[in-house]
Amino acid sequence: MNLRPAALFVLCLLAVGGCSSAPAHRDASSLPVPLDGATAVAERQAGALHEAEERAVEACMRGRGFAYEPMPAARYVSVNPYGLLTEDAARDDGYSLASTALAGRPTDPNAPALARLPEPRRTAWQQALIGTGKKQITLTTDGAPSLRVNTDGCVYLARREVYGGAWEQAEIDATGASTQVVARVAAAPEFLAAQRTWAACMKEQGEKVTTLQEARGLIQQAVAQDRDDRPALLRTGRREQELAKHDALCQDRGALAEATRTAQERVQARLPKTTWAKATQVRELREAALRRTGA
């Protein structure tokens, strides 16, 4: 919800490329992801965990004397951390940028009641939810920004209930490790060679971009500019699908996923055991949380 501090980090989409021959119609689940997908969550699992967190927030707020209506989940969007894209996904929804902007954020069911509260009571409600700022911890790890977390709010307490007390640090550790893998893969010689070939392929399609992130960035910039203009967003969405289809076509022709997988295997073979331990921990904590939800 709008009042809640960010607790997750979004991995940067790093530039990739390629263009020779590869199988058509690749399933997105077959695309390489760092650390065996330790930071990835399937749609059904994400929904179950969100509902569990919101139920725990509701119970916590009720215990503090406040009414709370669980927030609906935001639109689920799966983005490969390397920026890899299948032709099917590109054809269906491009990069999922314009469609996500058109869908908008979920309406906060608490907003009407909160607006009617006197200011002191509204402030108390918000502090009960997200914390007062008087009790905080700062989480740090290699490869990710530090995260300051209020530990006296129901948002934090609900996450502890759902995932366990080790979750916050485990999540940032795994995210940082995954980001480092992505960065090293993107700097690998085979990866850079594929990027140059991808750019040449895109040029043949009439697209003047040199990196995968640049292609996606064109649409991100347009969506940011058009966010409050629905007709403009619809036009951007059509352009997005055109660009994404060219992007996926060139990735497929260049066996970009294979080049990425090869580089990733080499990078991950050199990772210390502590990195794999972080990936295992966050996966096990998530699986335990899912078992408790019955998902």
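Nothing here was measured: the structure is a model prediction, and the numbers come from that model.
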- prompt: Checking side-chain contact (heavy atoms from CB on, under 4.5 Å) for the pair Val79/Arg216: CA distance, chi angles, key distance, verdict?
  reply: CA-CA 11 Å; Val79 179; Arg216 183 185 177 91; 3.9 Å; yes
Of all heavy-atom pairs between [X] and [Y], which one has the smallest distance, and what is that distance?
X	Y	result
Leu233	Ala98	O-CB, 3.9 Å
Val282	Ala38	CG1-O, 3.6 Å
Ala215	Leu243	O-CD2, 3.3 Å
Val33	Tyr82	CA-CE1, 4.0 Å
Gln241	Asp92	NE2-O, 3.2 Å
Val185	Ala263	CG1-CB, 3.9 Å

Can you give me every donor-acceptor pair (side chain of residues 132-145, partner residue at least two apart or in another chain, under 3.5 Å) with its distance?
residue : atom : partner : partner atom : Å
Thr132  : OG1  : Lys134  : N            : 3.1
Thr132  : OG1  : Asp152  : OD2          : 2.5
Gln136  : NE2  : Asn150  : OD1          : 2.8
Thr141  : OG1  : Asp173  : OD1          : 2.8

Could you measure the distance from the [atom1] atom of [X] to the [atom2] atom of [Y]? Nearest 0.5 Å is fine.
X	Y	atom1	atom2	result
Arg91	Leu85	CZ	CG	11.0 Å
Arg121	Arg116	CZ	CZ	13.5 Å
Thr293	Gln45	OG1	CD	9.0 Å
Cys250	Glu204	SG	CD	7.0 Å
Leu129	Leu157	CG	CG	10.5 Å
Gln220	Gln225	CD	CD	12.0 Å

- request: Applying side-chain hydrogen bond (donor to acceptor under 3.5 Å, both in side chains) between Trp198 and each of Asp247, Thr211, Thr210, report the one that passes.
  value: Asp247
field: Contacts of Ala166 that satisfy side chain to side chain contact (heavy atoms under 4.5 Å, CB included) - sequence neighbours left out
entry: Gln281, Leu285
query: Which is it for Arg235 and Arg230 under the side-chain contact (heavy atoms from CB on, under 4.5 Å) test, yes or no, and what are the steps along the way?
result: CA-CA 9 Å; Arg235 290 192 296 272; Arg230 185 176 180 83; over 6 Å; no
field: Worked verdict on Gln251 versus Leu212 for side-chain contact (heavy atoms from CB on, under 4.5 Å)
entry: CA-CA 9 Å; Gln251 289 190 33; Leu212 199 69; 3.2 Å; yes
Intermediate values then yes/no, salt bridge (Lys or Arg N to Asp or Glu O under 4.0 Å), Lys245 and Glu87: CA-CA 6 Å; Lys245 284 190 286 188; Glu87 291 191 70; over 6 Å; no
Determine whether a donor-acceptor pair (N or O, by modelled atom type, separation under 3.5 Å) exists between the side chain of [X] and the backbone of [Y].
X	Y	result
Glu190	Ala259	no
Asp226	Asp229	no
Glu240	Leu97	yes
Gln264	Pro32	no
Arg184	Val267	no
Arg62	Tyr68	no

Should [X] and [Y] count as side-chain neighbours, where that means a heavy-atom distance under 4.5 Å?
X	Y	result
Pro81	Ser178	no
Arg227	Val223	yes
Pro109	Pro72	yes
Lys203	Lys208	no
Asn110	Trp125	yes
Glu265	Thr260	no

Tell me, please, which residues at least two apart from [X] pass side chain to side chain donor-acceptor pair (under 3.5 Å).
X	value
Glu287	none
Thr123	Glu119
Gln205	none
Asp93	Arg75, Ser96, Ser99

statement: For Glu242, the salt bridge (charged side-chain N to carboxylate O under 4.0 Å, His left out) test, sequence neighbours excluded, returns Arg239
query: For Arg160, what residues pass the salt bridge (charged side-chain N to carboxylate O under 4.0 Å, His left out) criterion, not counting sequence neighbours?
result: none
message: Could you go through Gln126 and Arg122, starting from their C-alpha distance and side-chain angles, then the distance that decides it, and tell me whether this counts as side-chain contact (heavy atoms from CB on, under 4.5 Å)?
response: CA-CA 6 Å; Gln126 293 170 338; Arg122 186 183 310 126; 4.1 Å; yes
Arg44, Glu54, Arg286 screened by side chain to side chain contact (heavy atoms under 4.5 Å, CB included) with Leu49, the one that passes: Arg286
Disulfide bond (SG atoms under 2.5 Å apart) partners of [range], not counting sequence neighbours, each pair once:
range	answer
residues 93-127	none
residues 78-107	none
residues 101-163	Cys60-Cys154

- request: Treat each ILVMFWY residue as a node, draw an edge where side-chain heavy atoms are under 4.5 Å apart, and state whether Met71 and Tyr76 are in one component.
  value: no
task: Please collect all side chain to side chain donor-acceptor pair (under 3.5 Å) contacts where either partner lies in residues 267-276, sequence neighbours excluded, each pair once.
output: none
message: Side chains of Tyr163 and Glu53 only: does a donor on one sit below 3.5 Å from an acceptor on the other?
response: yes
